[in-house]
Visitor: 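Okay, handing you the structure first.
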2 protein chains.
Amino acid sequence: MPSDTKARIQAVARELFVQQGVQNTSLRQISERLGITKPALYYHFSSREDLVRSIVQPMVEDIERFVTTREPGDARELLKDYFDLIWRHREVLVMLMRELETLGYTDMAERMFSWRRRLILLLFGPGVTPEQQIRATMALGGMSDCSVEYAHLPVEEVKPTAVESAAAALGLS
Amino acid sequence: MPSDTKARIQAVARELFVQQGVQNTSLRQISERLGITKPALYYHFSSREDLVRSIVQPMVEDIERFVTTREPGDARELLKDYFDLIWRHREVLVMLMRELETLGYTDMAERMFSWRRRLILLLFGPGVTPEQQIRATMALGGMSDCSVEYAHLPVEEVKPTAVESAAAALGLS
DNA sequence: GTCTATACCTAGATAGAC
DNA sequence: GTCTATCTAGGTATAGAC
């Protein structure tokens with residue numbers, strides 16, 4: 001085992017970032033909790049931003065894959081799978097959305113908008129109306145909110161109702 | 001006119017806070033844009049927190065008034081009025097939600113939860129089921145998202161569809 | 001691969017002159 | 001009511017020993 005320190009840093013950082021926000025977490029705090037020193041962090045991550053990025057990356061790639069490879073199809077099925085997607089990453093997603101502005105280190109905001117656009121396209125096709133866009137925002141945004149607000153519950157107690165409600169918001173029969 | 005400086009400070013601060021986040025806005029930046037010095041700010045506001053609070057306060061009071069004085073009644077009417085409420089304060093609301101964690105200076109998070117609970121109570125009464133709670137989150141959260149995402153459009157182009165969709169998400173006939 | 005020590009910056013905040 | 005000057009705390013980051 002060459003070094004699991006890197007992984008341990010990520011685990012602790014992730015926990016603190018989610019718990020108290022990225023901006024409110026200092027490298028000192030992370031290193032202290034691990035029993036190592038600040039400079040030791042810099043051996044594994046070239047900068048604070050590098051560390052943050054490494055934690056966000058898996059989620060970004062997963063969502064990116066979803067919105068780019070998905071073929072148009074049954075809307076309700078898409079809602080279900082999309083719910084699973086955001087549920088899986090709900091902790092990091094919350095962290096990210098809460099600090100979108102303060103995390104200027106990427107083009108995250110623009111990226112998330114493009115995900116949303118792509119999803120709407122998948123739901124309604126290219127001839128989407130303004131009304132359908134609003135309904136899509138209601139449905140997709142509402143599901144995100146549910147993933148956050150009921151994050152502590154088992155999925156089965158949230159997903160069915162959330163998906164059903166989202167379908168209704170969309171205007172599906 | 002004894003001093004409109006205070007108001008000018010608030011106007012500039014508000015703009016910067018909304019634009020780039022509270023955490024990313026320093027007192028130096030605010031004072032520079034106004035052509036005054038940092039210490040001058042401290043004459044009008046006893047601390048940075050005091051300034052932030054003064055900008056959030058009007059929204060807090062408005063929402064507080066809504067959720068405490070409102071009588072139970074027609075759900076769709078409530079959705080409409082609630083939409084107007086958050087639409088009116090959408091800029092500050094976004095700012096606040098984006099930085100809930102980083103703004104540890106108040107009990108904001110808890111407060112917003114209690115608003116949500118009170119609204120759900122108004123919508124479904126005391127015997128609310130878990131399913132209805134999820135649907136309420138979908139409806140109310142979705143409307144917030146719409147206020148943010150379509151903030152630049154005229155209300156009339158957003159509100160009717162958003163309210164209609166929220167009603168459907170709630171499960172109203 | 002991890003430490004000690006430290007440089008350097010920027011932030012919020014205060015003292016006291018005008 | 002606003003200024004100059006300054007303090008202090010905390011952050012990121014680096015140099016170099018072990």
Side-chain angles (χ1 to χ4, degrees), chain A residues 1-57 95-96 98-106 108, chain B residues 1-57 92 95-96 98-108:
Chain A
M1 219 163 291
S3 154
D4 63 339
T5 304
K6 185 162 183 169
R8 287 172 54 230
I9 293 172
Q10 287 176 316
V12 167
R14 193 191 140 101
E15 186 188 336
L16 290 174
F17 286 165
V18 168
Q19 217 174 73
Q20 61 191 15
V22 177
Q23 294 292 323
N24 282 343
T25 305
S26 65
L27 298 186
R28 191 178 58 77
Q29 205 179 359
I30 295 171
S31 60
E32 269 180 7
R33 179 167 304 201
L34 281 162
I36 62 176
T37 59
K38 269 193 295 179
L41 293 180
Y42 280 90
Y43 174 79
H44 297 281
F45 299 95
S46 67
S47 69
R48 174 192 168 82
E49 184 179 326
D50 190 26
L51 172 57
V52 176
R53 194 187 303 275
S54 82
I55 286 167
V56 173
Q57 197 73 0
M95 177 195 103
L96 208 74
R98 279 212 180 116
E99 303 184 70
L100 249 197
E101 291 301 299
T102 61
L103 303 176
Y105 61 94
T106 50
M108 263 304 151
Chain B
M1 222 162 289
S3 152
D4 62 339
T5 305
K6 185 162 184 169
R8 286 173 54 230
I9 293 173
Q10 286 175 316
V12 167
R14 194 190 138 102
E15 186 188 335
L16 290 174
F17 287 163
V18 168
Q19 217 174 74
Q20 62 191 17
V22 177
Q23 294 292 324
N24 282 343
T25 305
S26 65
L27 298 185
R28 190 178 56 78
Q29 204 180 358
I30 295 171
S31 60
E32 268 179 8
R33 179 167 304 201
L34 281 162
I36 61 176
T37 59
K38 262 194 302 177
L41 293 181
Y42 280 90
Y43 176 81
H44 298 280
F45 299 94
S46 67
S47 70
R48 174 193 166 82
E49 185 179 326
D50 189 27
L51 171 57
V52 176
R53 195 188 302 274
S54 83
I55 285 167
V56 173
Q57 196 73 1
V92 172
M95 176 195 105
L96 210 73
R98 279 212 181 116
E99 303 184 71
L100 249 197
E101 292 298 300
T102 61
L103 302 176
Y105 61 93
T106 52
D107 52 346
M108 262 304 150

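What you see is a predicted model, and the numbers here were worked out from it, not measured in a lab. In what follows, chains carry the letters A, B, and so on, assigned in the order in which the sequence lines appear, proteins first and then strands, with residues in each chain numbered from 1. Note: hydrogens, waters and symmetry copies are ignored here, and every other heavy atom, side chains too, is used.
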Visitor: Is the phosphate of C:dA13 approached by B:R48 (side-chain N or O, under 4.0 Å from OP1 or OP2)?
Guide: no

Visitor: In whole angstrom, what separates A:L51's CG from D:dG11's C1'?
Guide: 15 Å

Visitor: Compare the minimum distances between each of C:dA13, D:dT14, D:dC3 and the side chain of B:L27, then state the nucleotide with the smallest one.
Guide: C:dA13

Visitor: Which of these nucleotides, C:dA13, C:dT2, D:dC3, is closest to any side-chain atom of B:K38?
Guide: C:dA13

Visitor: Does a side-chain N or O from A:S26 land closer than 4.0 Å to OP1 or OP2 of D:dT12, or not?
Guide: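 False: A:S26 side-chain N/O out of range (4.0 Å or more) of D:dT12 OP1/OP2.
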
Visitor: Between B:G35 and A:P39, which residue's closest nucleotide on DNA chain D lies nearer the 5′ terminus?
Guide: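 Its nearest nucleotide lies further toward 5', so the answer is B:G35.
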
Visitor: Less than 4.5 Å apart, any side-chain heavy atom of A:R48 and any of A:V22?
Guide: yes

Visitor: Measure from CG on B:N24 to C1' on C:dT10 and round the result to the nearest Å.
Guide: 13 Å

Visitor: Grab the CG-P distance between B:L34 and D:dT2 for me, whole Å please.
Guide: 10 Å

Visitor: To the nearest angstrom, how far is A:E49 atom CD from D:dA13 atom C1'?
Guide: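 Value for this atom pair: 14 Å.
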
Visitor: Quick one: B:D4 CG to D:dG1 C1', roughly how many Å, whole number?
Guide: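 Those two atoms, CG and C1', are 12 Å apart.
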
Visitor: Measure from CG on B:D50 to C1' on C:dG12 and round the result to the nearest Å.
Guide: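 Value for this atom pair: 14 Å.
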
Visitor: Going by heavy atoms in the side chains, are B:Q57 and B:R53 under 4.5 Å from each other?
Guide: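 Side-chain contact under 4.5 Å: yes.
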
Visitor: So how far is it from B:L96 CG to B:M108 CE, rounded to the nearest 0.5 Å?
Guide: 5.5 Å

Visitor: Want to settle it: does B:Y43 or A:S46 sit nearer the 5' end of DNA chain D, counting the closest nucleotide to each?
Guide: B:Y43

Visitor: Please give, in whole Å, the distance from C:dG1 P to A:K6 NZ?
Guide: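 It is 10 Å, rounded to the nearest whole Å.
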
Visitor: Where the side chain of B:A40 is concerned, which of C:dG12, D:dC3, D:dA13 is the nearest nucleotide?
Guide: D:dC3

Visitor: Remember a base hit wins even if backbone is also touched, and classify A:T37 as base, sugar-phosphate or nothing at under 4.0 Å, heavy atoms.
Guide: base

Visitor: Does A:K6 count as lying over the ring of A:F45, i.e. NZ or CZ under 6.0 Å from the six-ring centre, within 45 degrees of the axis?
Guide: yes

Visitor: If I take atom CG in residue A:L41 and atom C1' in nucleotide D:dG11, what distance separates them, rounded to the nearest angstrom?
Guide: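 Checked: the CG to C1' distance equals 13 Å.
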
Visitor: So does A:Q23 get a backbone contact from the side chain of B:Q23, meaning a donor-acceptor N/O pair under 3.5 Å?
Guide: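 A pair under 3.5 Å: no.
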
Visitor: Side-chain N or O of A:T5 versus OP1/OP2 of C:dG1: is the shortest distance under 4.0 Å?
Guide: no

